[in-house]
Each structure stands twice: as C-alpha cells, then as structure tokens.
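Atoms considered below: every heavy atom in the structure, side chains included; atoms not considered: hydrogens, waters and symmetry mates.
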Amino acid sequence: MLRSSLIAAGAVILGGTAAAQQVENSFHTKVTPAKHGGIFHVATGTWTRNVPQAVNLGPDIVYNNTANTGGFTSGGIASQTVDFDFVDAGRIPSSTGPVATANRDNYNVNCVEIGYCLGDDSGATGPLNVEVQLYNQYTSCADPATALAVGGFLGTGLPNYDPTTPPGYFACWTVEFDLSGGGEICIKGDGDGVYDGTIDFDQFGIGVKFDPGGTGGYLGAITVGPLLAGDRNWTANATGGLTTPSGGGNTYYGPAEICVPTAGGENSSGFDQEDLWWTGDRPATAQAAGCYWFGGYANATGCAANGTATGHVPNAGLYALLQADTTTDCVEQGPNTGVGTPFCDPANNNSDGVPAVLTGTTLTSGVGSGLHLEVNGGPSGEFGYMLIGTASETVNPIPISNGLLCLSVTGGNQFGRYNFGTLTNSIGQFDASNVFQNLVGTATSTGGTGYDVPTQNPIPGQPAIMSGATWHFQLWYRDTPAGVGQSNLSNGLTVTF
C-alpha cells in the first residue's frame with residue numbers, strides 16, 4: 001500500500017514538472033558530422049586515439065540514444081557565469097517487466113559514450129573537461145540534487161575545436177569513457193531493480209556538465225554542449241515500452257535498427273526517453289533551473305534527417321550510449337550507497353569544479369575495524385589524510401580554507417587525524433583519475449585505493465573502535481591549483497560498527 005501511494009504521488013509530481021517545461025532557445029544547427037575522438041580510460045586518465053569504438057568493452061549495449069537530429073544545445077554556456085548540468089532520463093529494463101529479453105536486474109556499465117559540439121576555442125585557457133553522473137530511479141526533469149547518484153567520473157582533455165572546421169560551423173565529437181578496471185557503475189534495471197509499470201519509477205538518469213568550475217576557460221566564453229539525439233517516430237522500438245513510440249532499438253534487449261545512417265555509426269532512440277530534460281540554473285540569462293525542451297519533437301522528413309528541414313523540431317534528448325559486461329549481479333557504488341550515512345553532502349567543490357566524495361564499504365576479511373574508506377573526485381596529485389570525530393556538525397561547520405570541517409569540536413566532542421604512528425597513517429594522494437591512493441603501508445593498510453580503518457583511533461584518551469560504537473569520518477586534502485596554501489575537505493560519513 002505504501003509503495004502504491006508513493007507511485008501515485010510521483011505521478012502527480014511528474015505531471016506538474018512536465019507541464020512547467022520551458023522552451024530552450026540555444027539550438028545550433030551549423031554542425032559538422034561528429035567524429036570519433038577516442039577512448040578516455042578513467043582508471044589511468046589517458047586517451048587512446050584512432051581506434052575502433054568500444055574496443056573490448058560491453059559487449060551489451062544497454063541504452064542507445066544516438067539518432068541524429070542535426071544539432072546540439074549549449075544552454076548559452078558562453079554567456080554564463082556559473083557551470084550547470086544537463087540531466088536526461090531513459091530506461092534500462094529489468095527481468096521483472098514485460099521486456100522478455102532483459103535477463104538481469106542490474107547492469108555493470110563499463111563504457112559510457114557521449115557526443116558534443118563546440119565553437120572556436122582559441123580563447124580557451126585550459127583543457128575541455130566534462131563531468132558525467134549516472135542516477136538510479138531518476139524521474140525526467142527531477143532536480144538531480146534530490147536524485148540517487150550511483151556513480152560518476154571526470155573526463156579530462158576532451159578533443160576540442162578542429163581547425164579544419166568550415167568557418168561559421170561547430171566541430172562535433174563523440175567520445176567513449178572506459179570504466180573498466182574498477183570504475184564500473186552499477187545501474188539497476190527499471191530504476192530500482194523492479195518493474196513498476198510507471199515511467200516515474202522505472203527510469204535512470206545521465207547528467208553531463210561541460211567545463212566544470214570553468215577551469216578550462218570555456219564557461220562564459222566559448223559555445224559548447226551536448227549533441228541532441230533521438231527520433232522515436234522513425235527508429236526501431238523495443239517491446240514493453242512505457243511510452244509510444246518507445247525507442248530502444250539496437251540494444252541487446254531491443255530489435256535491430258531499421259534506420260541506418262548514410263555516414264555509419266549508431267542511429268537509435270533511447271528506450272522511454274521523453275523529449276525533455278533538466279538544465280541547471282543559468283543566472284546570467286535569467287534561466288532558472290528546471291525542465292526544458294524545444295517545443296515538442298517533430299520530424300516529417302524521415303529517418304536520419306539532418307534537422308534543417310522546415311518544421312523540424314529536435315528531440316530534447318542527450319546523445320548517450322551505455323554498454324555493460326555480462327555480469328548478472330553487481331554492487332552499487334556512489335555517495336548514497338555502501339556503509340555509513342553521508343553528512344555535509346555534497347562537500348564544497350575543489351579546483352576541478354567537483355566535490356571530493358567519501359564512501360565506505362565493509363571489509364570481508366575483518367582486518368582492523370572492518371571499514372574501508374574510499375574518496376573520489378579530488379584534484380590529481382594533491383595529498384591528504386583521514387579525520388575521525390566523536391560527533392558530527394552540520395549546523396555550524398567550521399570553514400577551513402575552501403572546505404568545511406563537519407566534525408564537531410564543541411561540547412566536549414573531539415576529532416583526530418590519521419597521519420601519524422604505525423597503525424594510524426592514512427596519508428595519500430589523488431591519482432590521475434582523481435582516486436585517493438593510500439601511500440603508507442601499515443598493519444591494516446598496505447597501500448592502494450582508500451584507507452582500511454584500524455581499530456585504534458588517533459584521539460588521545462578515546463577507546464578503540466568497537467562493535468556498537470558510532471564514529472564520524474572526513475578527508476582533508478591540499479588543493480594548490482586553487483591557490484597557494486589552499487585546501488578542502490570531502491563530505492562526512494557516519495558509521496556505526
């Protein structure tokens with residue numbers, strides 16, 4: 001009964017959001033055919049160029065919104081003073097629903113492909129970066145700050161403007177992000193692993209943010225943004241869709257694609273993508289965060305139309321292709337899963353334009369306290385160490401440089417630092433893929449990602465960590481790209497052992 005009530009409430013909320021959608025006015029059509037810009041390996045922070053797409057990745061395509069619309073949107077980024085997200089929704093089915101060929105309830109995504117276009121970047125001051133985030137049970141046009149983020153990554157050094165681009169045209173690229181080697185993201189089928197039969201609860205979300213933090217000089221100066229894709233009136237539809245037409249062709253659970261673009265490549269529409277998305281706040285042009293589209297998708301010119309025909313209105317869908325391995329069971333990762341309860345979450349952004357995210361998992365070996373901490377999203381090459389406290393502080397956190405200390409130091413509460421001694425040294429460094437690596441081998445931590453928390457704690461007079469006790473953790477780290485002597489902190493994590 002409770003679940004039915006929640007579904008009904010969600011339907012009312014979505015109806016109100018969709019009715020309030022606004023027309024996006026930043027549609028650009030003078031684009032070159034998208035080139036494949038290579039594969040970015042998230043684990044190493046390196047690129048492989050001039051290779052076939054999706055080498056050794058997949059093998060299953062589980063979401064495919066790549067049908068050409070002939071344009072892209074920038075959201076007016078060249079006029080803005082702050083960065084902002086584009087967040088789209090689609091569906092990947094579970095085995096509990098009417099899609100007979102869906103054989104699992106979660107998907108170990110090992111490759112994400114996106115597309116984008118940009119104008120002349122000769123005025124850029126740094127590389128073009130993009131932040132990508134995936135969400136479970138995401139409802140179209142929902143505020144991503146309230147959504148269940150299950151994993152994300154930062155892609156750096158993306159291909160930029162091609163000098164061979166004809167004058168007055170935008171250069172367009174597709175790029176793939178290889179998540180293999182530990183960066184795979186576990187997405188649940190039908191949003192939560194169970195088919196509900198309502199679009200509000202059976203979707204996932206994908207968000208992109210170009211030039212996060214404006215560190216590359218694109219924000220406020222250069223037009224850049226996601227390719228638009230999706231043409232459900234002409235591309236193939238999978239059975240069991242919740243929208244009409246449903247899309248979902250050229251996926252492992254859908255039919256073969258019926259529209260083959262003359263230039264090759266993918267040409268499918270995202271399963272149950274709804275022709276609307278969320279765009280973040282754009283104060284410089286007085287565009288509030290919320291639901292956007294182009295006034296209602298229309299394509300009377302057929303398969304693979306170039307988007308320039310009279311009366312053509314592009315689908316409000318972001319170019320995205322997700323691939324997964326054949327794993328039938330995977331473990332979710334991200335700030336809202338695992339061991340512990342986050343607080344002061346998200347943390348303040350660092351010089352990369354993103355917060356450092358602290359998460360916890362249980363060690364199956366029982367070494368030390370049994371808690372393993374991981375941190376993602378810190379600035380590459382910067383050092384830090386873990387903190388522990390007897391209480392959290394979310395009402396009056398203490399500003400320290402560019403971060404907030406959310407461990408209480410009032411009312412007899414204490415905190416300590418894991419940066420000394422043979423058992424309590426967590427000193428580490430963020431690697432090229434922005435993952436915190438413990439550099440000090442101890443009795444409980446032999447190096448590698450994150451930190452294995454020992455039973456001994458660094459607060460004088462406090463007892464060892466024992467079963468039934470509750471402790472609070474946070475990471476302090478240097479952030480010299482933000483300025484000499486600058487530092488920051490991750491979110492906090494409360495753990496009951």
- Message: Do Glu374 and Thr359 pair up side chain to side chain, a donor and an acceptor below 3.5 Å, judged on atom types alone?
- Response: no

- Message: When you compare the side chain of Pro283 with that of Val82, does any pair of heavy atoms fall below 4.5 Å?
- Response: yes

- Query: Going by distance alone, is a donor N or O of one side chain under 3.5 Å from an acceptor N or O of the other, for Glu184 and Asn108?
  - Reply: no

- Query: Hey, is OH on Tyr169 packed in by over 12 heavy atoms from elsewhere, all under 6.0 Å?
  - Reply: no

- Message: For Thr81 versus Ala284, what's the shortest heavy-atom pair and its separation?
- Response: N-CB, 4.0 Å

- Does any N or O in the side chain of Asp88 come within less than 3.5 Å of the main-chain N or O of Leu318, such that one atom is a donor and the other an acceptor? yes

- Distance flag, aromatic centroids of Tyr218 and Phe210, threshold under 6.0 Å: no

- Can you tell me if Gln273 and Asn315 form a side-chain donor-acceptor pair at under 3.5 Å? yes

- Query: Is the closest side-chain donor-acceptor distance between Asp200 and Thr139 under 3.5 Å?
  - Reply: no

- Task: Using the six-membered ring wherever Trp is involved, compare the ring planes of Tyr138 and Tyr135 and label them parallel, tilted or perpendicular (cut-offs 30° and 60°).
- Result: tilted

- Side-chain donor/acceptor of Trp47 to backbone N/O of Gly157, under 3.5 Å: yes

- So, Glu266 and Asn250: side-chain donor and acceptor under 3.5 Å apart, yes or no? yes

- Item | Close side-chain approach of Phe27 to Glu24, heavy-atom, < 4.5 Å | no

- Message: Are there over 12 heavy-atom neighbours, none belonging to Arg478, within less than 6.0 Å of that residue's CZ?
- Response: no

- Query: Does the side chain of Leu404 reach to within under 4.5 Å of the side chain of Cys344, using non-hydrogen atoms?
  - Reply: no

- Note on the structure: To the nearest 0.5 Å, atom CG of Asn267 lies from atom OG1 of Thr235 at 7.0 Å

- Item | Approximate separation, where rounding is to 0.5 Å, of Leu276 CG and Phe294 CZ | 11.5 Å

- Message: Would you say Glu274 and Thr243 are linked by a side-chain donor-acceptor pair, where the criterion is simply a distance under 3.5 Å?
- Response: no

- Task: Please check if the side chain of Gln22 supplies one atom and the backbone of Gly290 the other of a donor-acceptor pair under 3.5 Å.
- Result: no

- When rounded to the nearest 0.5 angstrom, what distance separates CG in Asn25 from CD in Gln287? 5.0 Å

- Message: Determine whether a donor-acceptor pair (N or O, by modelled atom type, separation under 3.5 Å) exists between the side chain of Ser95 and the backbone of Asn103.
- Response: no

- Task: Return yes if some donor-acceptor pair links the side-chain N/O of Asn110 with the main-chain N/O of Gly58 below 3.5 Å, else return no.
- Result: yes

- Between Thr494 and His472, is any side-chain donor less than 3.5 angstrom from a side-chain acceptor? yes

- Message: For the backbone of Ala238 and the side chain of Ser246, can you confirm whether one donor and one acceptor N or O come within less than 3.5 Å of each other?
- Response: yes

- Query: Can any side-chain N or O of Asn106 pair as donor or acceptor with the backbone N or O of Gly193 at less than 3.5 Å?
  - Reply: no

- Query: Can you list the residues that meet the side-chain contact (heavy atoms from CB on, under 4.5 Å) rule with Thr46, with sequence neighbours excluded?
  - Reply: His41, Thr44

- Nearest 0.5 Å, what's the OH-CZ distance between Tyr63 and Phe204? 5.0 Å

- Heavy-atom donor-acceptor pair, Trp173 side chain to Asn160 backbone, under 3.5 Å: yes

- Query: Given Asp352, which of Asn129, Leu154, Asp479 fulfils the side chain to side chain contact (heavy atoms under 4.5 Å, CB included) condition?
  - Reply: Leu154

- Salt-bridge test for Asp190 and Arg91: reply yes if a basic N is under 4.0 Å from a carboxylate O, no otherwise. yes

- Message: Ring-plane angle category for Phe177 and Phe153, please: parallel below 30°, perpendicular beyond 60°, tilted otherwise.
- Response: tilted

- Message: Strictly distance-based, threshold 3.5 Å: is any side-chain N or O of Gln437 a donor or acceptor partner for the main-chain N or O of Gln429?
- Response: no

- Item | Donor + acceptor pair across side chains of Thr66, Ser268 (<3.5 Å) | no

- Message: With no hydrogens and no angle check, just 3.5 Å: does a side-chain donor-acceptor pair link Tyr477 and Asn350?
- Response: yes

- Taking atom CE of Met386 and atom CG of Leu475, what is their separation to the nearest 0.5 Å? 5.0 Å

- Query: Is a side-chain donor or acceptor of Thr251 paired with a backbone partner of Val62 at a separation under 3.5 angstrom?
  - Reply: no

- Rounded to the nearest 0.5 Å, what separation is found between the CG atom of Leu118 and the CG atom of Leu158? 9.5 Å

